[in-house]
Amino acid sequence: MNSLWNRFKYSVQADLHTLFDKKESKNPIAMLNQYIREAEKQTESIGKLLERQSKLKEEMQKELTESEKMADKRRQQLELAQTAGEEDLIAFAEEEIAAYDTRAAELSESIMETAYELISLERKFEEMKHKVKDMKVRQLQLMGKENVTRAHRRMDKVISPENADSNIASFGEMKKYIENLGGKIDREYEISSMERRLEALEKGNDSEPKNSAKDAEIV
């Protein structure tokens with residue numbers, strides 16, 4: 001099982017910040033997303049191996065129980081063979097007892113080692129799951145910062161387009177446009193007003209009666 005951790009390409013002891021210390025051209029969030037996906041895949045794989053290791057320990061425990069049970073049975077049979085004076089049965093029972101005792105001793109040692117390794121691996125596995133969880137939290141933090149950065153950039157494009165290349169008109173440009181439009185409307189209104197007054201003068205002048213020649217003679 002130790003080789004499993006040697007093959008595990010992402011060390012669970014590594015500090016998350018070292019991932020971003022490298023000056024890379026890639027998007028940090030994209031890198032982190034890929035890192036998390038790989039870590040989750042590895043975590044799932046490790047979890048299955050740990051589950052299998054636990055089942056193997058249970059199987060060894062069953063074999064140990066069976067070996068001890070058979071050794072006790074042969075001991076009882078050995079007593080009966082000795083009482084009956086059956087030399088061949090005595091020899092067979094003794095060989096069986098030795099085989100079962102040896103097997104039980106080996107299984108007991110293996111179970112102890114497996115239990116120790118399983119505890120160690122389970123602790124590392126829990127630590128690894130915490131690291132993955134920390135990465136997910138870091139992912140949320142970076143996504144939040146990215147959203148804020150994008151929002152600032154888009155607002156800056158509107159508020160201060162001189163600092164960013166954008167097709168969106170800024171508030172200043174819109175204000176200037178409205179002011180220019182207003183001035184144009186005012187000028188057109190003034191021109192129209194003047195024209196109306198001039199036209200009114202013309203109409204008034206045309207409506208006034210002209211002095212006749214007779215009136216001129218009287219004067």
Side-chain angles (χ1 to χ4, degrees), residues 1-22 24 26 28-143:
M1 291 296 292
N2 290 332
S3 62
L4 173 65
W5 297 94
N6 294 330
R7 295 197 305 268
F8 187 54
K9 65 194 295 185
Y10 298 106
S11 174
V12 296
Q13 302 293 339
D15 187 352
L16 291 176
H17 294 289
T18 59
L19 180 66
F20 305 102
D21 288 342
K22 298 179 181 180
E24 307 232 4
K26 296 181 179 179
I29 293 182
M31 293 172 60
L32 183 58
N33 290 343
Q34 182 180 357
Y35 189 98
I36 290 175
R37 284 194 298 270
E38 184 66 23
E40 286 179 332
K41 195 182 301 181
Q42 294 286 352
T43 301
E44 183 179 358
S45 177
I46 298 294
K48 290 179 180 179
L49 290 173
L50 287 178
E51 184 179 354
R52 183 171 181 270
Q53 186 75 355
S54 180
K55 289 181 179 180
L56 290 172
K57 178 176 173 289
E58 292 177 359
E59 290 296 323
M60 285 190 287
Q61 186 63 51
K62 289 180 181 179
E63 290 292 336
L64 174 60
T65 301
E66 181 67 20
S67 296
E68 291 175 341
K69 181 179 178 180
M70 290 301 299
D72 291 338
K73 182 178 180 179
R74 292 290 185 259
R75 285 189 180 91
Q76 294 174 1
Q77 292 173 341
L78 175 60
E79 291 177 1
L80 294 174
Q82 289 172 341
T83 301
E86 299 286 345
E87 296 297 332
D88 55 340
L89 292 179
I90 292 172
F92 175 77
E94 288 176 344
E95 290 176 0
E96 287 281 289
I97 291 170
Y100 284 121
D101 284 344
T102 300
R103 185 179 302 165
E106 291 177 354
L107 285 169
S108 295
E109 184 178 356
S110 295
I111 289 171
M112 291 180 60
E113 290 178 357
T114 302
Y116 176 78
E117 290 174 352
L118 187 58
I119 292 173
S120 177
L121 290 175
E122 285 176 344
R123 290 181 63 182
K124 285 187 177 182
F125 183 60
E126 290 300 319
E127 184 179 357
M128 185 170 67
K129 288 194 293 185
H130 280 298
K131 287 293 184 181
V132 173
K133 191 67 175 179
D134 290 341
M135 285 188 286
K136 288 185 176 180
V137 172
R138 179 63 172 163
Q139 181 187 40
L140 293 175
Q141 293 173 339
L142 287 177
M143 288 174 66

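A donor and an acceptor atom, one from each side chain of Glu38 and Gln34, are nowhere located under 3.5 Å apart.
Residues Glu126 and Lys129 are paired through a salt bridge, judged by an N-O separation under 4.0 Å between the basic side chain and the carboxylate. A salt bridge does not link Glu127 with Arg123: none of the charged nitrogens is closer than 4.0 Å to a carboxylate oxygen. The existence of a salt bridge linking Glu40 and Lys136 is confirmed by a sub-4.0 Å separation between a basic side-chain nitrogen and an acidic carboxylate oxygen.
In this structure, CD in Gln77 is found 7.0 Å from CE in Met70, a value given to the nearest 0.5 Å. With rounding to the nearest 0.5 Å, the separation of NZ in Lys73 from NZ in Lys69 is 8.0 Å. Interatomic distance, Met128 CE to Leu121 CG, rounded to the nearest 0.5 Å: 10.0 Å.
Listed here is the closest heavy atom pair of Leu50 and Leu118: O-CD1, 4.0 Å.
Annotation: Glu109, atom CD; neighbour count of heavy atoms from other residues, nucleotides and ligands within 6.0 Å does not exceed 12.
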- Task: Give the intermediate values and the outcome of salt bridge (Lys or Arg N to Asp or Glu O under 4.0 Å) for residues Arg75 and Asp72.
- Result: CA-CA 5 Å; Arg75 285 189 180 91; Asp72 291 338; 3.4 Å; yes

- Step by step, work out the side-chain contact (heavy atoms from CB on, under 4.5 Å) result for Thr114 and Leu56. CA-CA 9 Å; Thr114 302; Leu56 290 172; 5.8 Å; no

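Under the 3.5 Å distance criterion, the side-chain polar atoms of Ser45 are left unmatched by any main-chain donor or acceptor of Lys41.
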